[in-house]
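Below is one structure; the comments refer to it alone.
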Amino acid sequence: MTVAPPSLPAGWYGSAPYVTPLYGNPPDLPKVMAETGQKTFQLTFIQAPRGGGGCTPTWDGTAPVSEDTAVARVIDGVRSAGGDVSVSIGGYGGRNLGQTCASAEDTANAYQQVIDKYALRAVDFNLEEPAYSDPGAVTKELRAAQILQHHNPGLYVSVTTVAAPGGTTPQGQNLLNTAKSLKFAPDNYSIMPFNGFQDVGAQIAVLEAFHGVLMNTFGWDSATAYAHEGASLMNGRSDFGEYYDQADFQALLDYAIGHGMSRYTFWSLNRDRQCTPPDNGQTSGTCSSVPQNPWEFTRLTAQFAQRTPALKAGVAVSQPVPARLPAQADQGAGR
(Lines give C-alpha, C1' and ligand atoms only; values in the text may rest on other atoms or scores of the structure.)
Protein backbone atom coordinates (compact mmCIF):
# COMPACT_ATOMS: atom_id res chain seq x y z
CA MET A 1 0.00 0.00 0.00
CA THR A 2 1.22 3.51 -0.76
CA VAL A 3 -1.30 5.43 1.38
CA ALA A 4 -1.42 4.83 5.14
CA PRO A 5 -4.82 4.38 6.79
CA PRO A 6 -6.09 7.34 8.84
CA SER A 7 -7.10 7.14 12.49
CA LEU A 8 -10.90 7.06 12.53
CA PRO A 9 -13.33 6.47 15.41
CA ALA A 10 -14.83 2.98 15.60
CA GLY A 11 -18.25 4.36 14.66
CA TRP A 12 -17.03 4.90 11.12
CA TYR A 13 -16.21 1.20 10.72
CA GLY A 14 -19.62 0.39 12.15
CA SER A 15 -21.23 2.50 9.42
CA ALA A 16 -19.29 1.22 6.39
CA PRO A 17 -21.67 0.17 3.59
CA TYR A 18 -20.76 -2.95 1.61
CA VAL A 19 -19.12 -2.49 -1.79
CA THR A 20 -18.18 -5.07 -4.41
CA PRO A 21 -15.02 -3.48 -5.86
CA LEU A 22 -14.43 -5.95 -8.72
CA TYR A 23 -17.93 -6.28 -10.21
CA GLY A 24 -21.40 -4.71 -10.08
CA ASN A 25 -20.38 -1.40 -11.71
CA PRO A 26 -18.55 -0.17 -8.60
CA PRO A 27 -18.93 3.57 -8.02
CA ASP A 28 -16.10 6.07 -7.69
CA LEU A 29 -15.66 5.94 -3.91
CA PRO A 30 -13.88 9.30 -3.42
CA LYS A 31 -16.73 10.90 -5.38
CA VAL A 32 -19.27 9.18 -3.11
CA MET A 33 -17.33 10.42 -0.09
CA ALA A 34 -17.44 14.00 -1.34
CA GLU A 35 -21.18 13.83 -2.04
CA THR A 36 -22.32 12.04 1.13
CA GLY A 37 -19.80 12.57 3.92
CA GLN A 38 -19.31 8.79 4.22
CA LYS A 39 -15.68 7.98 5.10
CA THR A 40 -15.56 4.18 5.17
CA PHE A 41 -16.55 1.22 3.02
CA GLN A 42 -16.81 -2.56 3.53
CA LEU A 43 -15.09 -4.32 0.61
CA THR A 44 -16.32 -7.83 -0.27
CA PHE A 45 -15.51 -10.77 -0.14
CA ILE A 46 -12.40 -12.69 0.93
CA GLN A 47 -12.98 -16.38 0.26
CA ALA A 48 -11.17 -19.66 -0.33
CA PRO A 49 -10.21 -20.40 -3.94
CA ARG A 50 -13.01 -21.86 -6.02
CA GLY A 51 -12.63 -25.39 -7.25
CA GLY A 52 -9.63 -26.85 -5.50
CA GLY A 53 -10.03 -25.12 -2.12
CA GLY A 54 -6.79 -24.57 -0.25
CA CYS A 55 -5.80 -21.98 2.31
CA THR A 56 -5.01 -19.00 0.10
CA PRO A 57 -7.12 -15.82 0.47
CA THR A 58 -8.77 -14.61 -2.73
CA TRP A 59 -11.26 -11.96 -3.75
CA ASP A 60 -14.54 -13.74 -4.49
CA GLY A 61 -12.76 -17.08 -4.81
CA THR A 62 -11.00 -16.07 -8.04
CA ALA A 63 -8.43 -13.27 -7.57
CA PRO A 64 -5.51 -14.08 -5.21
CA VAL A 65 -4.90 -11.32 -2.69
CA SER A 66 -1.15 -11.78 -3.13
CA GLU A 67 -1.41 -10.73 -6.80
CA ASP A 68 -3.99 -7.97 -6.40
CA THR A 69 -3.42 -4.43 -7.63
CA ALA A 70 -7.01 -3.46 -8.54
CA VAL A 71 -8.49 -3.46 -5.02
CA ALA A 72 -5.29 -1.90 -3.68
CA ARG A 73 -5.84 1.07 -6.01
CA VAL A 74 -9.41 1.43 -4.73
CA ILE A 75 -8.17 1.46 -1.13
CA ASP A 76 -5.47 4.01 -1.92
CA GLY A 77 -8.08 6.24 -3.52
CA VAL A 78 -10.30 6.12 -0.44
CA ARG A 79 -7.40 6.79 1.91
CA SER A 80 -6.09 9.64 -0.22
CA ALA A 81 -9.51 11.24 0.23
CA GLY A 82 -9.31 10.87 4.03
CA GLY A 83 -11.28 7.66 4.44
CA ASP A 84 -10.64 3.98 5.06
CA VAL A 85 -11.97 0.50 4.36
CA SER A 86 -12.85 -2.68 6.16
CA VAL A 87 -12.64 -6.02 4.36
CA SER A 88 -15.41 -8.60 4.67
CA ILE A 89 -14.71 -12.32 4.89
CA GLY A 90 -17.14 -14.97 3.66
CA GLY A 91 -20.49 -13.98 2.20
CA TYR A 92 -23.44 -16.06 1.02
CA GLY A 93 -22.60 -19.02 -1.20
CA GLY A 94 -18.83 -18.67 -1.05
CA ARG A 95 -16.37 -20.92 0.74
CA ASN A 96 -14.81 -19.51 3.88
CA LEU A 97 -11.18 -20.28 4.57
CA GLY A 98 -12.36 -21.87 7.82
CA GLN A 99 -13.86 -24.58 5.61
CA THR A 100 -10.67 -25.29 3.69
CA CYS A 101 -7.73 -24.45 5.97
CA ALA A 102 -6.47 -27.24 8.21
CA SER A 103 -6.68 -25.36 11.51
CA ALA A 104 -7.74 -22.09 13.13
CA GLU A 105 -4.08 -21.05 13.17
CA ASP A 106 -3.76 -21.66 9.42
CA THR A 107 -7.01 -19.76 8.88
CA ALA A 108 -5.70 -16.82 10.91
CA ASN A 109 -2.44 -16.84 8.94
CA ALA A 110 -4.38 -16.61 5.69
CA TYR A 111 -6.44 -13.66 6.93
CA GLN A 112 -3.32 -12.02 8.35
CA GLN A 113 -1.98 -11.90 4.80
CA VAL A 114 -4.98 -9.73 3.87
CA ILE A 115 -4.49 -7.44 6.88
CA ASP A 116 -0.81 -7.02 6.07
CA LYS A 117 -1.35 -6.52 2.34
CA TYR A 118 -3.82 -3.65 2.85
CA ALA A 119 -2.73 -2.35 6.29
CA LEU A 120 -6.25 -3.00 7.57
CA ARG A 121 -7.69 -1.61 10.77
CA ALA A 122 -11.04 -3.39 10.45
CA VAL A 123 -12.40 -6.74 9.28
CA ASP A 124 -15.88 -8.26 9.09
CA PHE A 125 -16.61 -11.97 9.41
CA ASN A 126 -19.74 -12.46 7.30
CA LEU A 127 -20.82 -15.96 8.33
CA GLU A 128 -23.60 -17.28 6.12
CA GLU A 129 -24.28 -20.51 4.25
CA PRO A 130 -22.51 -22.83 3.70
CA ALA A 131 -19.95 -22.15 6.47
CA TYR A 132 -22.75 -21.15 8.82
CA SER A 133 -24.03 -24.74 9.02
CA ASP A 134 -20.56 -26.26 9.59
CA PRO A 135 -19.78 -26.06 13.34
CA GLY A 136 -16.12 -26.93 12.74
CA ALA A 137 -15.73 -24.12 10.21
CA VAL A 138 -17.50 -21.66 12.52
CA THR A 139 -15.11 -22.55 15.34
CA LYS A 140 -12.09 -22.05 13.08
CA GLU A 141 -13.41 -18.72 11.81
CA LEU A 142 -14.11 -17.34 15.29
CA ARG A 143 -10.85 -18.65 16.72
CA ALA A 144 -9.00 -17.12 13.77
CA ALA A 145 -10.77 -13.80 14.44
CA GLN A 146 -9.66 -13.98 18.06
CA ILE A 147 -6.05 -14.62 17.04
CA LEU A 148 -6.17 -11.67 14.63
CA GLN A 149 -7.62 -9.48 17.36
CA HIS A 150 -4.73 -10.42 19.66
CA HIS A 151 -1.98 -9.93 17.09
CA ASN A 152 -3.37 -6.66 15.67
CA PRO A 153 -4.12 -4.43 18.67
CA GLY A 154 -7.04 -2.10 18.04
CA LEU A 155 -8.34 -4.15 15.10
CA TYR A 156 -12.10 -3.56 14.68
CA VAL A 157 -13.86 -6.91 14.28
CA SER A 158 -17.53 -7.33 13.38
CA VAL A 159 -19.42 -10.59 12.95
CA THR A 160 -22.37 -10.55 10.55
CA THR A 161 -24.87 -13.38 10.43
CA VAL A 162 -28.45 -14.43 9.71
CA ALA A 163 -31.65 -13.08 11.29
CA ALA A 164 -34.73 -15.10 12.26
CA PRO A 165 -37.99 -14.14 14.01
CA GLY A 166 -36.54 -15.26 17.35
CA GLY A 167 -33.44 -13.15 16.77
CA THR A 168 -31.26 -15.78 15.15
CA THR A 169 -31.42 -19.36 13.91
CA PRO A 170 -30.11 -22.49 15.68
CA GLN A 171 -26.93 -22.13 13.63
CA GLY A 172 -26.64 -18.52 14.77
CA GLN A 173 -27.11 -19.55 18.38
CA ASN A 174 -24.33 -22.11 17.92
CA LEU A 175 -22.13 -19.32 16.58
CA LEU A 176 -22.76 -17.20 19.68
CA ASN A 177 -22.27 -20.17 22.01
CA THR A 178 -18.97 -20.95 20.30
CA ALA A 179 -17.79 -17.36 20.73
CA LYS A 180 -18.74 -17.52 24.40
CA SER A 181 -16.81 -20.77 24.90
CA LEU A 182 -13.74 -19.19 23.27
CA LYS A 183 -14.15 -15.99 25.31
CA PHE A 184 -14.02 -14.17 22.00
CA ALA A 185 -15.44 -10.64 22.06
CA PRO A 186 -15.83 -8.85 18.71
CA ASP A 187 -16.85 -5.22 18.53
CA ASN A 188 -20.33 -6.31 17.54
CA TYR A 189 -22.62 -9.00 16.23
CA SER A 190 -24.84 -7.85 13.38
CA ILE A 191 -27.87 -9.60 11.93
CA MET A 192 -29.42 -9.09 8.49
CA PRO A 193 -33.15 -8.32 8.93
CA PHE A 194 -34.22 -8.67 5.32
CA ASN A 195 -35.46 -11.56 3.15
CA GLY A 196 -38.53 -12.58 5.13
CA PHE A 197 -39.18 -9.39 7.12
CA GLN A 198 -41.96 -7.53 5.36
CA ASP A 199 -41.71 -4.09 6.91
CA VAL A 200 -39.74 -1.91 9.28
CA GLY A 201 -41.86 -3.03 12.23
CA ALA A 202 -40.81 -6.64 11.63
CA GLN A 203 -37.20 -5.53 11.27
CA ILE A 204 -37.26 -3.71 14.61
CA ALA A 205 -38.95 -6.68 16.24
CA VAL A 206 -36.18 -9.05 15.17
CA LEU A 207 -33.51 -6.61 16.36
CA GLU A 208 -35.25 -6.54 19.73
CA ALA A 209 -35.36 -10.34 19.77
CA PHE A 210 -31.66 -10.52 18.94
CA HIS A 211 -30.96 -8.06 21.74
CA GLY A 212 -32.56 -10.56 24.10
CA VAL A 213 -30.50 -13.39 22.63
CA LEU A 214 -27.29 -11.44 23.28
CA MET A 215 -28.29 -10.72 26.89
CA ASN A 216 -29.23 -14.34 27.54
CA THR A 217 -26.17 -15.83 25.85
CA PHE A 218 -23.48 -13.59 27.32
CA GLY A 219 -25.12 -12.43 30.54
CA TRP A 220 -24.97 -8.80 29.42
CA ASP A 221 -27.23 -6.07 30.70
CA SER A 222 -29.42 -4.26 28.19
CA ALA A 223 -27.06 -1.37 27.46
CA THR A 224 -24.07 -3.68 26.94
CA ALA A 225 -26.08 -5.89 24.58
CA TYR A 226 -27.16 -2.92 22.46
CA ALA A 227 -23.54 -1.69 22.39
CA HIS A 228 -22.58 -5.03 20.83
CA GLU A 229 -25.49 -5.19 18.37
CA GLY A 230 -25.66 -4.16 14.75
CA ALA A 231 -27.99 -4.19 11.76
CA SER A 232 -26.89 -5.03 8.23
CA LEU A 233 -29.76 -3.98 5.95
CA MET A 234 -30.61 -4.28 2.25
CA ASN A 235 -31.57 -1.14 0.39
CA GLY A 236 -34.46 -1.15 -2.06
CA ARG A 237 -35.76 -4.48 -3.37
CA SER A 238 -34.61 -7.56 -1.43
CA ASP A 239 -33.83 -11.02 -2.76
CA PHE A 240 -37.34 -12.07 -1.65
CA GLY A 241 -39.05 -9.14 -3.37
CA GLU A 242 -39.60 -6.96 -0.28
CA TYR A 243 -39.03 -3.23 -0.63
CA TYR A 244 -37.11 -1.19 1.96
CA ASP A 245 -37.14 2.50 1.12
CA GLN A 246 -35.46 5.58 2.52
CA ALA A 247 -38.14 6.08 5.18
CA ASP A 248 -37.58 2.53 6.43
CA PHE A 249 -33.85 3.15 6.64
CA GLN A 250 -34.46 6.41 8.49
CA ALA A 251 -36.65 4.63 11.05
CA LEU A 252 -33.98 2.00 11.60
CA LEU A 253 -31.30 4.68 11.85
CA ASP A 254 -33.29 6.42 14.58
CA TYR A 255 -33.77 3.08 16.35
CA ALA A 256 -30.07 2.16 16.15
CA ILE A 257 -28.90 5.53 17.45
CA GLY A 258 -31.61 5.74 20.10
CA HIS A 259 -30.69 2.33 21.51
CA GLY A 260 -26.91 2.79 21.40
CA MET A 261 -26.23 0.17 18.74
CA SER A 262 -22.71 0.02 17.35
CA ARG A 263 -23.29 -0.89 13.70
CA TYR A 264 -25.67 0.27 10.97
CA THR A 265 -24.77 -0.72 7.44
CA PHE A 266 -26.33 -2.12 4.26
CA TRP A 267 -25.91 -4.21 1.12
CA SER A 268 -24.87 -2.49 -1.01
CA LEU A 269 -23.40 0.79 -2.15
CA ASN A 270 -23.29 -0.59 -5.71
CA ARG A 271 -27.13 -0.65 -5.50
CA ASP A 272 -27.51 2.87 -4.04
CA ARG A 273 -28.82 4.48 -7.24
CA GLN A 274 -32.00 4.39 -9.27
CA CYS A 275 -32.78 1.70 -11.83
CA THR A 276 -34.27 2.53 -15.25
CA PRO A 277 -37.24 2.35 -14.83
CA PRO A 278 -37.05 2.96 -11.05
CA ASP A 279 -38.73 -0.38 -10.27
CA ASN A 280 -37.57 -2.82 -12.91
CA GLY A 281 -39.36 -5.78 -11.29
CA GLN A 282 -36.21 -7.60 -10.26
CA THR A 283 -33.51 -7.44 -7.63
CA SER A 284 -30.44 -5.85 -9.17
CA GLY A 285 -26.82 -5.78 -8.07
CA THR A 286 -26.30 -2.32 -9.53
CA CYS A 287 -29.44 -0.35 -8.57
CA SER A 288 -32.07 -0.31 -5.84
CA SER A 289 -35.44 -0.73 -7.65
CA VAL A 290 -36.90 2.19 -5.64
CA PRO A 291 -37.12 5.85 -6.71
CA GLN A 292 -34.11 7.72 -5.40
CA ASN A 293 -31.27 10.11 -6.01
CA PRO A 294 -27.78 8.60 -5.99
CA TRP A 295 -26.35 7.68 -2.57
CA GLU A 296 -29.42 8.51 -0.46
CA PHE A 297 -28.95 5.36 1.65
CA THR A 298 -25.24 6.06 2.08
CA ARG A 299 -26.01 9.51 3.48
CA LEU A 300 -27.80 7.72 6.33
CA THR A 301 -24.79 5.54 7.21
CA ALA A 302 -22.71 8.72 7.34
CA GLN A 303 -25.23 10.17 9.80
CA PHE A 304 -24.90 7.07 11.96
CA ALA A 305 -21.12 7.46 12.20
CA GLN A 306 -21.37 11.15 12.96
CA ARG A 307 -23.87 10.54 15.80
CA THR A 308 -22.27 7.40 17.31
CA PRO A 309 -19.80 7.58 20.23
CA ALA A 310 -16.19 6.91 19.32
CA LEU A 311 -15.53 4.37 22.07
CA LYS A 312 -15.27 0.68 21.29
CA ALA A 313 -17.47 -1.78 23.15
CA GLY A 314 -14.60 -2.73 25.44
CA VAL A 315 -15.29 -6.33 26.54
CA ALA A 316 -12.00 -8.02 27.43
CA VAL A 317 -10.66 -11.06 25.62
CA SER A 318 -9.29 -13.56 28.11
CA GLN A 319 -8.79 -16.73 26.04
CA PRO A 320 -5.04 -17.63 25.87
CA VAL A 321 -3.65 -16.97 22.41
CA PRO A 322 -0.45 -18.50 20.97
CA ALA A 323 2.62 -16.50 20.12
CA ARG A 324 2.90 -14.75 16.77
CA LEU A 325 2.14 -17.24 14.01
CA PRO A 326 4.70 -17.93 11.30
CA ALA A 327 3.92 -16.58 7.85
CA GLN A 328 2.08 -19.10 5.72
CA ALA A 329 3.38 -19.86 2.26
CA ASP A 330 1.05 -18.55 -0.45
CA GLN A 331 -0.36 -21.56 -2.28
CA GLY A 332 -1.46 -19.52 -5.28
CA ALA A 333 -4.65 -19.64 -7.33
CA GLY A 334 -5.63 -18.56 -10.79
CA ARG A 335 -8.66 -17.01 -12.43
Side-chain angles (χ1 to χ4, degrees), residues 1-46 57-60 63-89 91 110-126 145 148-149 151-158 160 186-188 230 232 262-270 272-273 294-295 297-308 310-312:
M1 302 301 296
T2 58
V3 181
S7 295
L8 295 175
W12 279 110
Y13 296 108
S15 79
Y18 288 88
V19 179
T20 55
L22 297 180
Y23 63 93
N25 189 21
D28 181 329
L29 296 185
K31 183 174 185 290
V32 174
M33 294 169 68
E35 294 182 6
T36 66
Q38 182 63 42
K39 293 184 179 181
T40 50
F41 305 95
Q42 189 86 48
L43 306 184
T44 66
F45 282 111
I46 297 296
T58 70
W59 286 104
D60 303 308
V65 166
S66 62
E67 300 173 14
D68 169 66
T69 58
V71 178
R73 285 195 296 271
V74 171
I75 296 172
D76 277 348
V78 170
R79 288 175 175 167
S80 294
D84 200 11
V85 304
S86 177
V87 165
S88 190
I89 290 160
Y111 293 143
Q112 186 67 51
Q113 293 174 39
V114 184
I115 291 171
D116 292 344
K117 167 92 173 185
Y118 302 114
L120 296 179
R121 292 184 171 174
V123 292
D124 172 51
F125 282 75
N126 193 285
L148 295 177
Q149 199 179 50
H151 290 318
N152 302 272
L155 182 71
Y156 181 96
V157 180
S158 57
T160 305
D187 288 86
N188 64 68
S232 180
S262 57
R263 194 159 177 244
Y264 170 89
T265 182
F266 70 94
W267 178 272
S268 69
L269 177 61
N270 302 64
D272 193 5
R273 46 199 167 188
W295 327 132
F297 294 94
T298 304
R299 288 185 175 89
L300 296 175
T301 59
Q303 288 184 37
F304 177 79
Q306 291 159 358
R307 295 166 60 186
T308 299
L311 296 177
K312 296 180 70 169

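Excluded from the calculations below are hydrogen atoms, water molecules and symmetry mates; all remaining heavy atoms, backbone and side chain alike, are included. On a predicted model such as this, the values are computed, not experimentally measured, just so you know.
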Write down the atom of Y18, the atom of S232, and the distance for their closest heavy-atom approach. CE1-OG, 3.5 Å

Calculate, to the nearest 0.5 Å, the distance between atoms CG and CG belonging to L29 and L269 respectively. 6.5 Å

Distance, nearest 0.5 Å, that separates CH2 of W12 from CZ of F304: 11.0 Å

Hydrogens and angles aside, do S7 and R121 bring a side-chain donor and acceptor to less than 3.5 Å of each other? yes

Close side-chain approach of T20 and W267, heavy atoms under 4.5 Å: yes

Checking S15 against Q38: is there a side-chain donor and acceptor pair closer than 3.5 Å? yes

Going by atom types only, do Y118 and D68 share a side-chain donor-acceptor pair under 3.5 Å? yes

Do T160 and D124 meet the criterion of a side-chain donor-acceptor pair at a distance under 3.5 Å? yes

With distance as the sole test, does T44 use its side chain to make a donor-acceptor pair with the main-chain N or O of S88 at under 3.5 Å? no

Flag the pair Y111 / F125 as yes when their ring centroid distance falls below 6.0 Å, and as no otherwise. yes

Backbone N or O of V65 within a donor-acceptor pair of the K117 side chain at under 3.5 Å? yes

For R263 and G14, work out which heavy atoms get closest and say how close. CG-O, 3.0 Å

Contact summary for G37 and A302, nearest pair of heavy atoms: C-CB, 3.9 Å

Taking C-beta and beyond as the side chain, do N270 and N25 meet within less than 4.5 Å on heavy atoms? no

Backbone N/O of G230 and side chain of N188: donor-acceptor pair under 3.5 Å: no

From T301, T36, T298, residue fulfilling side-chain hydrogen bond (donor to acceptor under 3.5 Å, both in side chains) relative to D272: T298

I need the minimum non-hydrogen distance between Y156 and S262, along with the two atoms involved. OH-O, 3.7 Å

Heavy-atom pair with the smallest gap, counting every atom of P5 and A119: CG-O, 3.5 Å

Mind listing the closest non-hydrogen atom pair of R273 and P27 along with its distance? NH1-CB, 4.0 Å

Evaluate Y264 against Q303 for side-chain contact (heavy atoms from CB on, under 4.5 Å), listing each step before the verdict. CA-CA 10 Å; Y264 170 89; Q303 288 184 37; over 6 Å; no

With a 4.5 Å limit on heavy-atom distance, are the side chains of I46 and W59 in contact? yes

What distance do D187 atom CG and Q149 atom CD have between them, rounded to the nearest 0.5 Å? 7.0 Å

How far apart are the C-alpha atoms of R79 and D84, what are their side-chain angles, what is the distance that settles it, and do they pass the side-chain contact (heavy atoms from CB on, under 4.5 Å) test? CA-CA 5 Å; R79 288 175 175 167; D84 200 11; 2.8 Å; yes

Show your reasoning for whether side-chain contact (heavy atoms from CB on, under 4.5 Å) applies to V74 and V19. CA-CA 11 Å; V74 171; V19 179; over 6 Å; no

Let me confirm one number: the CG-CD1 distance from L148 to I115, rounded to the nearest 0.5 Å. 4.5 Å

Rounded to the nearest 0.5 Å, how far apart are CZ of F297 and OG of S268? 11.0 Å

